[in-house]
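Protein chains get the first letters and strands the later ones, always in sequence-line order, with residue 1 at the start of each. We use all heavy atoms of the structure for the numbers below, so side chains are in, but hydrogens, waters and symmetry mates are not. Worth saying up front: this structure is predicted, and the values here are computed from it rather than measured.
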There are 2 protein chains.
Amino acid sequence: MSKAQTQRTRASGRVTLAEVAARAGVGTMTASRAISQPEMVSPALRARVGQAVAELGYVPNRAARALASARSKVIVVLVPSLSNAVFTDVLAGIQDALEPDGYQILIGNTRYSDAEEEKLLNTYLQSSPDGILLSGLTHSRQVTELLASSKLPIVSMMDLAGAPDGQPAASSTTTAGMSVGFSQLQAGYTMTRYLLDKGYKRIGFMGAQRDERTLKRLEGYRRALQEAGSYDPRLETMVADPSTIALGAELLGRMLSSTPDCDAIFCCNDDLAQGAIFQCQRRGIAVPRQLAICGFNDLPVSAWMNPSVTTIATPRYRVGFEAAQLLRAVIRGETPAATRIDLGFTLMARESA
Amino acid sequence: MSKAQTQRTRASGRVTLAEVAARAGVGTMTASRAISQPEMVSPALRARVGQAVAELGYVPNRAARALASARSKVIVVLVPSLSNAVFTDVLAGIQDALEPDGYQILIGNTRYSDAEEEKLLNTYLQSSPDGILLSGLTHSRQVTELLASSKLPIVSMMDLAGAPDGQPAASSTTTAGMSVGFSQLQAGYTMTRYLLDKGYKRIGFMGAQRDERTLKRLEGYRRALQEAGSYDPRLETMVADPSTIALGAELLGRMLSSTPDCDAIFCCNDDLAQGAIFQCQRRGIAVPRQLAICGFNDLPVSAWMNPSVTTIATPRYRVGFEAAQLLRAVIRGETPAATRIDLGFTLMARESA
DNA sequence: TTGTACGCGTTATCAT
DNA sequence: ATGATAACGCGTACAA
């Protein structure tokens with residue numbers, strides 16, 4: 001129909017919108033609308049375009065769309081680990097919230113490293129994301145600056161900003177902004193209180209990774225013990241290595257030799273707790289009779305192993321889901337009811353403590 | 001210098017290459033090269049441009065780059081699960097191989113669903129990826145067609161194409177093409193042979209997920225038992241549910257009531273094996289004395305629990321890494337030495353069988 | 001080694 | 001409701 005609708009094959013080899021439009025006998029703009037906003041186009045044309053799309057096997061080009069519209073429909077998610085079920089659950093929640101809406105999720109694995117986080121952020125910012133989901137509140141100065149200058153909406157996950165949760169904030173450079181999670185500090189406090197109430201006297205803390213959340217749980221542990229007047233720094237074991245079952249087994253050995261009178265151990269996560277318990281079994285130490293052990297996160301194994309592990313169940317899927325919803329609302333220009341969503345946690349009292 | 005170097009702010013709000021070029025007093029092309037191919041530009045200019053980039057906080061726009069160059073530097077990876085450590089390990093390998101080279105990885109979680117796989121592929125194809133990494137060899141007809149019409153280089157992971165591994169291929173619509181992995185069938189055969197050699201007579205198979213890999217392991221199991229003349233279909237339990245520890249516990253109960261004379265169980269993966277063992281402990285069944293149990297994949301817990309789990313260790317990190325390298329070579333236009341890389345597997349004989 | 005003109009595929013804008 | 005045209009920001013293909 002139109003006089004000069006080019007027909008040459010594109011460099012990309014892909015069918016373009018112009019070709020679809022030509023095939024359907026409409027302008028490119030109509031074709032574009034028929035695809036992106038079907039309700040703004042007459043049913044007849046919508047059908048013609050739809051058929052042309054099908055016949056030609058047209059696939060929209062996201063790069064071109066992003067360039068022209070200045071909105072990428074990309075969300076960047078930065079998590080410290082992918083081997084940790086905590087974060088894959090968070091991711092599942094994010095995907096469920098965002099993918100139906102056509103968002104593309106760029107997953108960055110920072111491996112608990114500030115440098116890595118900065119590098120990933122730099123890379124991912126090149127994709128002009130519409131928003132960012134971050135794990136935790138504290139980040140390096142460089143990252144904080146990058147985020148600020150990007151002017152993008154950001155939601156922090158797994159902890160709560162401001163920390164006006166009865167207990168003052170733990171430390172350092174916590175960023176303000178939107179957050180979805182629960183109070184790590186309070187969770188640490190709750191677990192320790194539980195052990196205290198059970199009558200344990202010499203309660204140790206076993207931590208790894210030195211990450212923000214571990215530190216806050218430790219803070220809660222200290223607070224509870226100090227209140228009870230039984231705080232003893234010698235009962236704390238903290239290393240920087242990534243936390244694994246093997247490390248839990250090793251750290252148990254260390255604690256036993258340094259403070260043999262310890263009668264309960266609060267492990268900063270379930271991996272460590274599992275390792276410690278397995279190691280107790282090998283050494284013939286009865287759990288919890290001789291030594292109580294509890295963890296954090298409630299991974300699947302913890303509920304099933306023998307003894308089952310007393311731990312804190314965390315709402316990670318929901319954290320991801322709600323954080324994504326919140327971000328989406330802000331991107332749409334809405335003013336969310338709350339910018340700080342506390343999803344709470346649940347103490348799972350089981351056999352090991 | 002130049003007469004009409006525009007200075008207006010962009011819609012995106014972001015600094016553009018043109019602004020960097022203006023600031024550095026060079027042409028946009030020089031600026032572009034100074035950034036992408038520093039060695040092709042004089043050191044003096046390189047420095048000037050670098051400074052301008054820093055001062056302005058320039059962030060390259062990937063969409064524009066992709067559009068102009070027809071190469072996106074995006075790789076799509078489709079895995080059936082993110083909660084399964086097998087695939088997060090594969091992903092780690094892929095990231096390590098690809099990210100240093102500036103590739104962006106689009107991770108799709110198919111959740112073991114053909115429909116989901118097709119949907120994800122459709123979405124991700126819009127990003128004009130340079131290549132695709134897939135899990136497994138068999139896919140739905142729709143997916144196979146999508147892949148074919150995309151004409152993109154594809155590497156399949158975790159299994160081997162063609163299956164000329166001594167044993168003829170198991171079944172159905174296996175795609176040809178490049179693959180990196182090991183023979184799932186042979187691994188299943190090896191494990192079963194191990195149990196046979198240990199003297200077990202009534203060896204059961206416990207499977208879930210009904211995915212390709214499970215089916216191939218089952219095939220290997222059958223082959224070994226048939227060769228030994230002790231194959232009995234009643235010893236097979238196969239369900240479609242996602243495989244979890246809880247399911248392993250449940251299936252153990254089923255097997256025990258349907259075939260109480262069973263003296264060993266080959267679980268299609270470690271989750272099932274762990275669940276089965278935990279359940280044995282609760283029922284007071286001694287493993288392996290009364291019932292031997294083995295798994296597949298060698299997850300961390302398997303080595304540490306008591307009894308430790310006999311299983312097949314799989315080279316998942318390397319699968320991801322090598323598959324990514326292979327894909328990258330093909331994208332660069334190289335002709336790889338091998339398009340079918342067998343990374344093997346290792347039987348880990350431990351306490352449970 | 002450096003610069004110029006143009007095109008990549010799409011959407012926003014503004015007409016009709 | 002539909003269409004023509006101009007960006008969007010960058011790299012390719014040349015020319016200088």
Side-chain angles (χ1 to χ4, degrees), chain A residues 1-22 24-49 53 56 58-73 125-128, chain B residues 1-22 24-49 53 56 58-73 125-128:
Chain A
M1 293 288 133
S2 58
K3 54 201 163 199
Q5 194 54 69
T6 49
Q7 219 136 314
R8 60 213 149 91
T9 330
R10 290 304 170 300
S12 70
R14 271 165 52 170
V15 178
T16 70
L17 188 60
E19 295 173 278
V20 170
V26 301
T28 59
M29 229 13 252
T30 306
S32 172
R33 279 195 281 258
I35 291 168
S36 309
Q37 310 160 37
E39 65 283 359
M40 284 189 56
V41 118
S42 78
L45 284 193
R46 197 187 313 164
R48 291 236 304 279
V49 173
V53 165
L56 264 29
Y58 169 69
V59 176
N61 184 323
R62 263 186 111 101
R65 174 182 306 203
L67 197 54
S69 69
R71 286 174 308 101
S72 63
K73 276 270 183 179
L125 247 20
Q126 302 185 351
S127 301
S128 324
Chain B
M1 295 289 130
S2 58
K3 55 199 163 198
Q5 194 53 69
T6 49
Q7 218 136 314
R8 61 212 147 92
T9 331
R10 289 302 168 301
S12 70
R14 271 166 50 171
V15 178
T16 70
L17 188 60
E19 297 175 274
V20 171
V26 302
T28 60
M29 229 14 253
T30 308
S32 173
R33 280 196 280 260
I35 291 168
S36 310
Q37 309 162 34
E39 65 283 359
M40 283 190 58
V41 118
S42 77
L45 284 193
R46 197 186 312 165
R48 292 235 303 280
V49 172
V53 165
L56 264 28
Y58 170 70
V59 177
N61 184 323
R62 260 186 115 100
R65 177 186 307 213
L67 199 52
S69 69
R71 287 175 308 101
S72 63
K73 276 269 182 182
L125 247 20
Q126 302 184 352
S127 301
S128 324

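Distance, Asn61(B) CG to dC8(C) P: 18 Å, rounded to whole Å. We find that CG of Leu17(B) is positioned 14 Å from C1' of dT2(C), with the value rounded to whole Å. Rounded to whole angstrom, the span from the CZ atom of Arg71(A) across to the P atom of dT10(C) amounts to 16 Å. Summarising the geometry, the separation between NZ on Lys73(A) and C1' on dT11(C) is reported as 15 Å, rounded to the nearest angstrom.
Rounded to 10 degrees, the angle separating the terminal helix axes of the helix from dT1(C)-dA16(D) to dT16(C)-dA1(D), each built from five base pairs, is 30°.
The Met29(B) side chain lies nearest to dT12(D) when the options are dT12(D), dT13(C), dT2(C). Checking dG3(C), dT10(C), dT12(D) against the side-chain heavy atoms of Arg65(A) singles out dT10(C) as nearest. Listed nucleotides dG11(D), dG9(D), dT11(C) differ in distance to Thr16(B); the shortest reach to its side chain belongs to dG9(D). With distances taken from any side-chain atom of Leu67(A) to the nucleotides dC10(D), dG3(C), dG9(D), the minimum falls on dG9(D).
In this structure, Ser72(B) and Ala66(B) approach most closely via the heavy-atom pair CA-CB, 4.0 Å. Closest heavy-atom contact between Ala31(A) and Ala21(A): CB-CB, 3.9 Å. The shortest heavy-atom contact between Val20(B) and Val53(B) is CG1-CG2, 3.8 Å.
Scanning for side-chain contact (heavy atoms from CB on, under 4.5 Å) contacts around Ala24(B) gives Val26(B), Arg48(B), Val49(B), Ala52(B), with sequence neighbours left out. Ser128(B) is linked by a side chain to side chain donor-acceptor pair (under 3.5 Å) to Arg14(A), counting only residues two or more places apart in sequence or in another chain.
Interatomic distance, Gln126(A) CD to Arg65(B) CZ, rounded to the nearest 0.5 Å: 6.0 Å. Distance CZ/Arg62(B) to CG/Leu67(A): 14.5 Å, rounded to 0.5 Å.
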Are any protein N/O atoms closer than 3.5 Å to N/O atoms in nucleotides 14-16 of chain C? If there are, list each pair with its distance.
none

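Sorted by residue number, the members of residues 35-48 of chain B with any non-hydrogen atom under 4.0 Å from DNA chain C read Val41(B), Ser42(B), Leu45(B).
Taking side-chain N and O atoms only, Ser32(B) has a distance below 4.0 Å to OP1 or OP2 of dG11(D).
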For Thr16(A) and Thr28(A), run side chain to side chain contact (heavy atoms under 4.5 Å, CB included): C-alpha distance rounded to whole Å, both residues' side-chain angles, the deciding distance at 0.1 Å, then the answer. CA-CA 10 Å; Thr16(A) 70; Thr28(A) 59; over 6 Å; no
Donor-acceptor pairs under 3.5 angstrom involving side-chain atoms of residues 32-42 of chain A: please list them, not counting sequence neighbours.
residue, atom, partner, partner atom, Å
Ser36(A), OG, Ser32(A), O, 3.3
Ser42(A), OG, Leu45(A), N, 3.4

